[in-house]
A.B. asks: 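Encoded as structure tokens, here's the structure I'll be asking about.
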Amino acid sequence: ERGLGDTTISVERSFRRIADTAAYVEVSARARLPSGDEERGLGVGTVDYGLVTEFGVSSDAGGAYVTAGYRFLGQRDDGPDRQDGMQAGVGAWLPAGNRVRVGAFGNWREASVDGNDDPATAGAYVSVRMTERLRVTFTGSGGLSDASPDYMAGIRFNWLPGGLNN
């Protein structure tokens with residue numbers, strides 16, 4: 001099926017330039033809202049929550065990161081019991097001009113239903129700093145396991161009240 005899936009909102013806190021280095025830590029809390037059509041396979045039909053920590057380095061020459069987190073999955077009235085679980089990822093980016101970054105990433109998570117394959121994806125993105133406070137990121141990815149979508153596309157809006165620092 002094709003169409004819009006569930007919507008994710010998040011709140012993130014970054015700790016940059018740890019000990020005057022290019023290292024950073026970012027902690028985020030996320031909620032996936034059931035806006036996609038569950039009957040067409042475009043949504044899960046319930047609210048899921050997640051906590052994720054990202055460790056990385058970021059400089060004018062590019063950056064790299066690893067993530068680790070845990071998902072708390074809502075239960076549907078009908079269907080199998082969904083299991084909470086771990087998730088992890090890696091990625092890297094390079095500058096492609098003054099306001100543009102290009103990057104690649106890979107993600108894995110534990111299956112939400114016992115006995116199913118663990119989903120895994122790989123993808124790429126282009127991120128454009130529109131203003132000092134707004135960054136827009138366009139993402140495309142493909143599945144690496146039978147439990148993953150064949151392909152996905154997305155758009156992310158980052159707004160920072162204090163302005164973007166890179």
Side-chain angles (χ1 to χ4, degrees), residues 1-15 24-56 65-91 93 101 103-165:
E1 288 285 337
R2 293 182 182 161
L4 294 177
D6 289 343
T7 301
T8 300
I9 59 172
S10 67
V11 175
E12 301 170 346
R13 174 66 170 114
S14 295
F15 303 92
Y24 70 89
V25 174
E26 185 172 279
V27 179
S28 66
R30 299 176 182 171
R32 180 167 66 177
L33 307 177
S35 58
D37 189 333
E38 182 183 1
E39 291 179 13
R40 293 178 47 212
L42 299 173
V44 296
T46 187
V47 178
D48 295 338
Y49 300 95
L51 298 173
V52 178
T53 301
E54 178 175 311
F55 303 93
Y65 61 87
V66 296
T67 64
Y70 198 82
R71 300 179 315 135
F72 304 91
L73 304 182
Q75 299 297 323
R76 298 183 298 241
D77 292 335
D78 54 347
D81 285 338
R82 299 176 71 224
Q83 306 296 316
D84 300 342
M86 299 294 296
Q87 64 185 47
V90 296
W93 62 269
R101 295 179 182 169
F105 61 88
N107 294 313
W108 164 90
R109 64 179 169 83
E110 289 183 307
S112 58
V113 176
D114 279 340
N116 285 359
D117 291 339
D118 293 343
T121 59
Y125 63 89
V126 175
S127 184
V128 181
R129 186 179 62 210
M130 306 301 285
T131 70
E132 284 301 312
R133 296 178 182 247
L134 177 66
R135 179 179 297 280
V136 179
T137 304
F138 303 93
T139 304
S141 64
L144 300 176
S145 73
D146 289 338
S148 302
D150 292 335
Y151 58 89
M152 293 186 329
I155 186 169
R156 178 177 177 173
F157 300 93
N158 289 83
W159 177 79
L160 295 176
L164 296 168
N165 57 3

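Values below: all heavy atoms of this structure, side chains included; hydrogens, waters and symmetry mates excluded. Position 1 is the first residue of the sequence; numbering continues from there.
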A.B. asks: With a 4.5 Å heavy-atom cut-off, do V25 and T53 have their side chains touching?
C.D. replies: yes
A.B. asks: Which value, rounded to the nearest 0.5 Å, describes the distance between D150 atom CG and S141 atom OG?
C.D. replies: 11.0 Å
A.B. asks: Do S14 and E26 get their side chains close enough for a donor-acceptor pair, meaning under 3.5 Å?
C.D. replies: yes
A.B. asks: Donor-acceptor pair, T121 side chain versus G106 backbone, under 3.5 Å?
C.D. replies: no
A.B. asks: Is there side-chain contact between V136 and M130, with heavy atoms separated by less than 4.5 Å?
C.D. replies: yes
A.B. asks: Within the 4.5 Å heavy-atom criterion, are L73 and S112 side-chain neighbours or not?
C.D. replies: yes
A.B. asks: Looking only at heavy atoms, what is the nearest atom pair of G3 and L42, with distance?
C.D. replies: CA-CD1, 3.8 Å
A.B. asks: Carefully, step by step, assess R101 and R135 under the rule side-chain contact (heavy atoms from CB on, under 4.5 Å).
C.D. replies: CA-CA 10 Å; R101 295 179 182 169; R135 179 179 297 280; 3.9 Å; yes
A.B. asks: Examine distances only and state if a side-chain atom of T67 and a backbone atom of G89 form a donor-acceptor pair shorter than 3.5 Å.
C.D. replies: yes
A.B. asks: Please report the C-alpha distance between E54 and R13 in whole Å, then the side-chain angles of each, then the deciding distance to 0.1 Å, and finally whether the salt bridge (charged side-chain N to carboxylate O under 4.0 Å, His left out) criterion is met.
C.D. replies: CA-CA 10 Å; E54 178 175 311; R13 174 66 170 114; over 6 Å; no
A.B. asks: Using a strict cut-off of less than 4.0 Å between a Lys/Arg side-chain nitrogen and an Asp/Glu carboxylate oxygen, indicate whether D48 and R30 qualify as a salt bridge.
C.D. replies: no
A.B. asks: With a 4.5 Å limit on heavy-atom distance, are the side chains of I9 and R32 in contact?
C.D. replies: no
A.B. asks: What is the distance from atom CH2 of W159 to atom OG1 of T131, rounded to the nearest 0.5 Å?
C.D. replies: 10.0 Å
A.B. asks: Check whether any side-chain heavy atom of Y125 lies under 4.5 Å from a side-chain heavy atom of R156, and answer yes or no.
C.D. replies: no
A.B. asks: Roughly how far, to the nearest 0.5 Å, is the CG atom of D81 from the CZ atom of R76?
C.D. replies: 10.0 Å
A.B. asks: Below 4.5 Å, heavy atoms only, C-beta onward: do F15 and Y24 meet side chain to side chain?
C.D. replies: no
A.B. asks: With no hydrogens and no angle check, is any side-chain donor or acceptor of S145 less than 3.5 Å from a backbone partner on D118?
C.D. replies: yes
A.B. asks: Check P80 against Q75 and note the closest heavy-atom contact, atom names and distance.
C.D. replies: O-OE1, 4.1 Å
A.B. asks: More than 12 heavy atoms of other residues, nucleotides or ligands under 6.0 Å from CZ of F72: is that the case?
C.D. replies: yes
A.B. asks: Before you tell me yes or no, could you show the steps for R82 and T46 under side-chain contact (heavy atoms from CB on, under 4.5 Å), namely the whole-Å CA-CA distance, both residues' side-chain angles and the distance that decides it to 0.1 Å?
C.D. replies: CA-CA 11 Å; R82 299 176 71 224; T46 187; 3.2 Å; yes
A.B. asks: May I ask you to test the T139-F105 pair for a side-chain heavy-atom distance under 4.5 Å?
C.D. replies: yes
A.B. asks: For I155, does the CD1 atom have more than 12 heavy-atom neighbours from other residues, nucleotides or ligands under 6.0 Å away?
C.D. replies: yes
A.B. asks: Can you tell me if D6 uses its side chain to pair, donor with acceptor, with the backbone of V44 under 3.5 Å?
C.D. replies: yes
A.B. asks: Within the 4.5 Å heavy-atom criterion, are Q83 and V113 side-chain neighbours or not?
C.D. replies: no
A.B. asks: Consider side-chain contact (heavy atoms from CB on, under 4.5 Å). Of R109, Q87, E110, which one does P119 pass it with?
C.D. replies: R109
A.B. asks: Minimum heavy-atom separation for G45 to P34, with atom names?
C.D. replies: C-CB, 3.8 Å
